[in-house]
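Encoded as structure tokens, the structure appears first; notes follow it.
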Amino acid sequence: MSLAGAIQYLAEQSRQAGQPTDYLTGTVTSEDPLKITIDTTMQELQAQSLLLTEPVMEKKIPVLTHKHYISTLSHMHTCPTGTTSQALTGQYLGEDSLVSEGANTTLQGENIVCYEHGEALPVEDGYIILNRKLEQDDKVLMLRVSSGQLFIVLSRIFTIQGGG
């Protein structure tokens, strides 16, 4: 390395040391293992140098179904010789429902849907996905710390469609 190159390198290191944090944007280039690129001239950031915050980690809640039992049914027949024994005693399984016990009965049978940005959140394998995990091509906002040794992934970046 030339003397001018060494001086330039030291000046850049000094500048970076004076700014211990920087906001950056990046693009997820790999999901597993997680890799993010911030500049096409730089090497991808590897999972061990990425600290994920809650908004970019997968968060899901189960869509629980529970069963309703009908126990108020009874059935008898009257005939000339008397009555039959009572039938339909016990409990009988009704349809599955997505509402809690004691909830307003007008909600019975309606779909439970969660919305974000006016869009229904996806349901996968019996879970409502509140936060999906980072996926390839996601744009993220990051904070560079420890002189560029660690990067905190703060959030996904969304672009607004349309406008006007």
Side-chain angles (χ1 to χ4, degrees), residues 1-68 93-164:
M1 178 182 289
S2 70
L3 180 59
I7 291 172
Q8 185 179 10
Y9 174 78
L10 290 173
E12 178 63 20
Q13 293 299 315
S14 176
R15 184 190 71 77
Q16 288 182 4
Q19 296 178 347
T21 61
D22 290 315
Y23 285 105
L24 302 166
T25 59
T27 302
V28 176
T29 53
S30 171
E31 294 175 34
D32 191 19
L34 181 61
K35 294 180 184 177
I36 297 176
T37 199
I38 55 174
D39 185 346
T40 56
T41 62
M42 291 180 58
Q43 187 175 1
E44 293 175 314
L45 302 174
Q46 306 295 315
Q48 60 269 21
S49 64
L50 299 170
L51 303 173
L52 304 181
T53 59
E54 186 178 9
V56 297
M57 296 186 69
E58 183 177 57
K59 186 187 307 180
K60 56 188 180 179
I61 57 172
V63 176
L64 298 176
T65 59
H66 67 272
K67 312 228 182 268
H68 286 264
L93 183 61
E95 292 185 29
D96 288 352
S97 175
L98 295 178
V99 295
S100 299
E101 186 176 341
N104 182 340
T105 56
T106 61
L107 296 177
Q108 298 273 347
E110 290 190 21
N111 292 330
I112 293 178
V113 181
C114 294
Y115 291 93
E116 180 181 53
H117 301 294
E119 303 268 332
L121 291 173
V123 176
E124 296 175 6
D125 299 324
Y127 289 89
I128 296 174
I129 308 301
L130 298 175
N131 284 344
R132 62 175 173 76
K133 66 181 182 175
L134 289 174
E135 296 175 354
Q136 189 167 342
D137 296 325
D138 278 348
K139 305 291 185 223
V140 293
L141 177 64
M142 299 184 301
L143 183 63
R144 179 172 36 193
V145 295
S146 299
S147 299
Q149 300 303 308
L150 293 174
F151 296 82
I152 301 171
V153 183
L154 300 171
S155 178
R156 287 181 190 83
I157 299 174
F158 297 95
T159 57
I160 298 173
Q161 301 298 320

Can you tell me how far [atom2] of [Y] sits from [atom1] of [X], rounded to the nearest 0.5 angstrom?
X      : Y      : atom1 : atom2 : answer
Leu51  : Leu154 : CG    : CG    : 10.0 Å
Leu134 : Thr27  : CG    : OG1   : 11.5 Å
Leu34  : Asp138 : CG    : CG    : 10.0 Å
Ile128 : Leu121 : CD1   : CG    : 7.5 Å
Ile129 : Glu58  : CD1   : CD    : 5.5 Å

Within a reach of under 6.0 Å around [atom1] of [X], are more than 12 heavy atoms found that belong to other residues, nucleotides or ligands?
X      : atom1 : result
Glu119 : CD    : no
Glu31  : CD    : yes
Gln43  : CD    : no

Find out whether [X] and [Y] are in side-chain contact, i.e. whether some heavy atom of one side chain is under 4.5 Å from a heavy atom of the other.
X      : Y      : result
Met142 : Leu45  : yes
Arg156 : Lys139 : no
Glu44  : Gln46  : yes
Leu24  : Phe151 : yes

Please enumerate all residues that pass side-chain hydrogen bond (donor to acceptor under 3.5 Å, both in side chains) together with Asp125, with sequence neighbours excluded.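 Scan of Asp125 (side-chain hydrogen bond (donor to acceptor under 3.5 Å, both in side chains), adjacent residues dropped) gives none.
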Among all residues two or more places apart in sequence or in another chain, which pass the side-chain hydrogen bond (donor to acceptor under 3.5 Å, both in side chains) test with Gln149?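 Result, side-chain hydrogen bond (donor to acceptor under 3.5 Å, both in side chains) vs Gln149: none returned.
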Would Leu143 and Tyr23 satisfy side-chain contact (heavy atoms from CB on, under 4.5 Å), going step by step from the backbone distance to the final call? CA-CA 5 Å; Leu143 183 63; Tyr23 285 105; 4.2 Å; yes
Say whether, by atom type as modelled, one donor and one acceptor occur between the side chain of [X] and the main chain of [Y] under 3.5 angstrom.
X     : Y      : answer
Ser30 : Pro33  : yes
Thr29 : Lys35  : yes
Thr53 : Val153 : yes

Minimum-distance pair of heavy atoms, taken over all atoms of Met42 and Thr37: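 Smallest interatomic distance, heavy atoms only, reads O-OG1, 4.3 Å.
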